[in-house]
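Below is one structure, written out as structure tokens, with a few remarks after it.
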Amino acid sequence: MRIRFTKMQGAGNDFVVLDETRGSLALTPAQYRFLGDRHFGVGADQILTVRPSPSPGIDFQYVIHNSDGGEVEQCGNGARCFMRFVREQGLTTKDAVRVQTLSGVIEPRMGADGRVTVDMGAPVFEPAQVPFDAAGLTPQSEGSWHTWHLALSTHAQGAIISVAVLSMGNPHAVQVVDNVDTAPVALQGPLIEHHPRFPQRVNAGFMQVVSRSQIRLRVFERGAGETLACGTGACAAVVAGIRLGLLDARVDVDTHGGRLTIEWAGVGQPVLMTGPAVTVFEGDIEVPEQP
Ligand SMILES: N[C@@H](CCC[C@H](N)C(=O)O)C(=O)O
């Protein structure tokens with residue numbers, strides 16, 4: 001089957017975007033994996049699919065697959081690219097749309113400067129809803145919130161890390177580090193992602209606090225490995241930093257792929273994420289029946 005795709009990126013987090021508004025492509029997990037493969041396919045961290053409105057008051061449905069082929073609930077950088085895609089492809093003329101995701105409705109809005117702001121909804125802190133198995137663990141009080149001590153084991157060494165755990169529609173474990181450049185992202189990332197306390201795996205964030213309004217962030221993403229930026233990871237890190245008493249309500253997040261700005265007014269309030277969304281190229285690719 002030959003399909004049309006658009007390659008996009010938001011702060012270097014890159015995507016293959018597919019238009020299913022005129023009919024389903026019915027791709028299998030192996031075919032999503034093929035599209036995301038940087039050697040045999042197009043190459044991307046995530047594959048984003050635009051589907052028609054599933055219900056009144058909603059403009060589109062937004063489906064997200066990680067490069068490992070698994071479907072996930074949310075993708076922040078992808079949401080900004082989604083907005084640019086539906087505008088550039090003439091699927092809407094609106095400046096703001098309401099989009100159904102697996103974890104709820106989000107609202108991307110096109111800014112006059114070409115950047116996109118997304119209302120990502122309110123973060124979720126209840127461990128069971130992340131989901132995070134906190135049974136038998138003692139929360140460690142910090143600021144007006146808490147972190148959790150998690151034991152990581154490797155063949156070479158054991159480590160106890162301290163993580164803030166929350167959901168931005170998808171699960172995140174965020175730890176504060178002195179310096180993201182030397183943080184053990186490659187070593188700890190996979191161990192945190194697959195830690196048995198996270199039954200649906202987790203995105204592992206490493207946050208360096210530069211000031212109360214600026215952080216540096218690296219994220220080892222569930223199902224994709226370390227990416228140049230993670231939008232929901234940026235939201236999760238800033239929310240965690242605010243609740244732990246380290247950050248103010250508006251924070252610039254510097255990633256290896258660029259800057260995102262995150263705003264959050266507190267518990268129960270939605271998180272606003274602003275950043276770039278860029279179309280890189282369009283193309284056609286033959287997708288094998290069984291890659
Ligand atoms: N890159 C994304 C997050 C994509 C999904 C994530 N890897 C997960 O499995 O939850 C973002 O910008 O938020």
Side-chain angles (χ1 to χ4, degrees), residues 5-19 36 38 42-50 59-60 62 64 66-67 72 74-99 101 106-121 168-170 172 180 203 205 207-208 210 213-219 221 224-239 247 250-264 270-283:
F5 67 88
T6 300
K7 180 75 192 287
M8 303 188 78
Q9 58 90 6
N13 184 188
D14 66 342
F15 310 104
V16 167
V17 188
L18 305 174
D19 181 356
R38 296 188 188 280
V42 182
D45 298 321
Q46 276 86 34
I47 299 90
L48 313 177
T49 307
V50 184
D59 296 285
F60 298 101
Y62 167 36
I64 304 143
N66 279 328
S67 55
V72 288
Q74 197 54 275
C75 176
N77 291 323
R80 298 194 314 278
C81 290
F82 186 100
M83 181 73 219
R84 179 167 293 285
F85 180 86
V86 294
R87 293 262 305 214
E88 286 182 352
Q89 298 292 320
L91 299 173
T92 188
T93 52
K94 294 182 180 175
D95 287 335
V97 290
R98 285 171 56 76
V99 180
T101 70
I106 56 168
E107 298 190 23
R109 172 179 295 275
M110 210 60 214
D113 60 356
R115 302 209 317 157
V116 179
T117 297
V118 188
D119 176 338
M120 297 290 293
M168 279 306 310
N170 57 349
H172 289 271
V180 284
N203 298 286
M207 156 168 72
Q208 174 186 341
V210 177
S213 59
Q214 188 190 0
I215 63 170
R216 299 178 70 213
L217 182 71
R218 289 171 67 186
V219 180
E221 286 195 28
E226 185 178 5
T227 55
L228 291 184
C230 175
T232 49
C235 297
V238 170
V239 166
L247 299 174
R250 186 179 194 280
V251 177
D252 288 329
V253 179
D254 290 324
T255 72
H256 282 337
R259 174 170 283 192
L260 304 176
T261 302
I262 308 297
E263 295 162 89
W264 187 56
V271 181
L272 300 182
M273 173 197 57
T274 302
V278 176
T279 299
V280 184
F281 61 89
E282 296 187 352

Checklist entry - How are the rings of Phe60 and Phe82 set relative to one another: parallel (under 30°), tilted (30 to 60°) or perpendicular (over 60°)? => result perpendicular
Can you tell me how far [atom2] of [Y] sits from [atom1] of [X], rounded to the nearest 0.5 angstrom?
X: Leu217; Y: Leu260; atom1: CG; atom2: CG; value: 8.5 Å
X: Met120; Y: Gln74; atom1: CE; atom2: CD; value: 4.5 Å
X: Met83; Y: Glu88; atom1: CE; atom2: CD; value: 10.5 Å
X: Asn170; Y: Cys235; atom1: CG; atom2: SG; value: 9.0 Å
X: Asn203; Y: Glu221; atom1: CG; atom2: CD; value: 5.5 Å
X: Asp14; Y: Lys7; atom1: CG; atom2: NZ; value: 4.0 Å

Checklist entry - Can you list the steps and then say if Phe5 with Asp19 is a side chain to side chain contact (heavy atoms under 4.5 Å, CB included)? => result CA-CA 8 Å; Phe5 67 88; Asp19 181 356; over 6 Å; no
Item to check | side chain to side chain contact (heavy atoms under 4.5 Å, CB included) evaluation trace for Arg80 with Val118 | outcome: CA-CA 7 Å; Arg80 298 194 314 278; Val118 188; 3.6 Å; yes
Any donor-acceptor pair under 3.5 Å from [X] side chain to [Y] backbone:
X: Arg84; Y: Ala277; result: yes
X: Tyr62; Y: Cys75; result: yes
X: Thr255; Y: Leu228; result: yes

Item to check | Test side chain to side chain contact (heavy atoms under 4.5 Å, CB included) applied to Phe85 and Thr279, step by step | outcome: CA-CA 8 Å; Phe85 180 86; Thr279 299; over 6 Å; no
So which atom in [X] and which in [Y] form the shortest heavy-atom distance, rounded to 0.1 Å?
X: Cys230; Y: His172; result: SG-CE1, 4.1 Å
X: Pro276; Y: Ala11; result: CG-N, 3.8 Å
X: Ala236; Y: Met168; result: N-CG, 3.9 Å
X: Ala79; Y: Ile106; result: CB-CD1, 3.6 Å
X: Cys81; Y: Gly10; result: SG-N, 3.8 Å
X: Leu247; Y: Ala237; result: CD1-O, 4.3 Å

I'd like to know if [X] and [Y] make a salt bridge, using a cut-off of under 4.0 Å between side-chain N and carboxylate O.
X: Arg218; Y: Glu226; value: yes
X: Arg98; Y: Asp119; value: no
X: Asp254; Y: Arg216; value: no

Would you check if [X] and [Y] make a side-chain contact, meaning some heavy-atom pair closer than 4.5 Å?
X: Ile262; Y: Leu272; value: no
X: Asp45; Y: Asn66; value: no
X: Met110; Y: Thr92; value: no
X: Val238; Y: Ile215; value: yes
X: Phe15; Y: Asn77; value: yes

Item to check | Residue list, side-chain hydrogen bond (donor to acceptor under 3.5 Å, both in side chains) with Thr49, at least two apart or on another chain | outcome: none
Next on the checklist: Looking only at the side chains, is there a donor atom on one of Gln208 and Gln214 sitting less than 3.5 Å from an acceptor on the other?
Outcome noted: no
Next on the checklist: What I want to check is whether the side chains of Asn13 and Gln46 have a donor and an acceptor closer together than 3.5 Å.
Outcome noted: yes
Checklist entry - Checking side-chain hydrogen bond (donor to acceptor under 3.5 Å, both in side chains) against Thr274, which of Thr117, Asp252, Asp113, Thr261 comes through? => result Thr117
Checklist entry - Under the criterion side-chain contact (heavy atoms from CB on, under 4.5 Å), which of Val97, Val99, Leu91 is the partner of Asp59? => result Val97
Checklist entry - Got a sec: does the CZ of Arg87 have more than 12 other heavy atoms crowding it under 6.0 Å? => result yes
Item to check | More than 12 heavy atoms of other groups within 6.0 Å of Arg250 CZ | outcome: no
Next on the checklist: Could you walk me through whether Gln89 and Glu282 satisfy the side chain to side chain contact (heavy atoms under 4.5 Å, CB included) test, starting with their C-alpha distance in whole Å, then the side-chain angles of each, then the deciding distance to 0.1 Å, before giving a yes or no?
Outcome noted: CA-CA 11 Å; Gln89 298 292 320; Glu282 296 187 352; 3.0 Å; yes
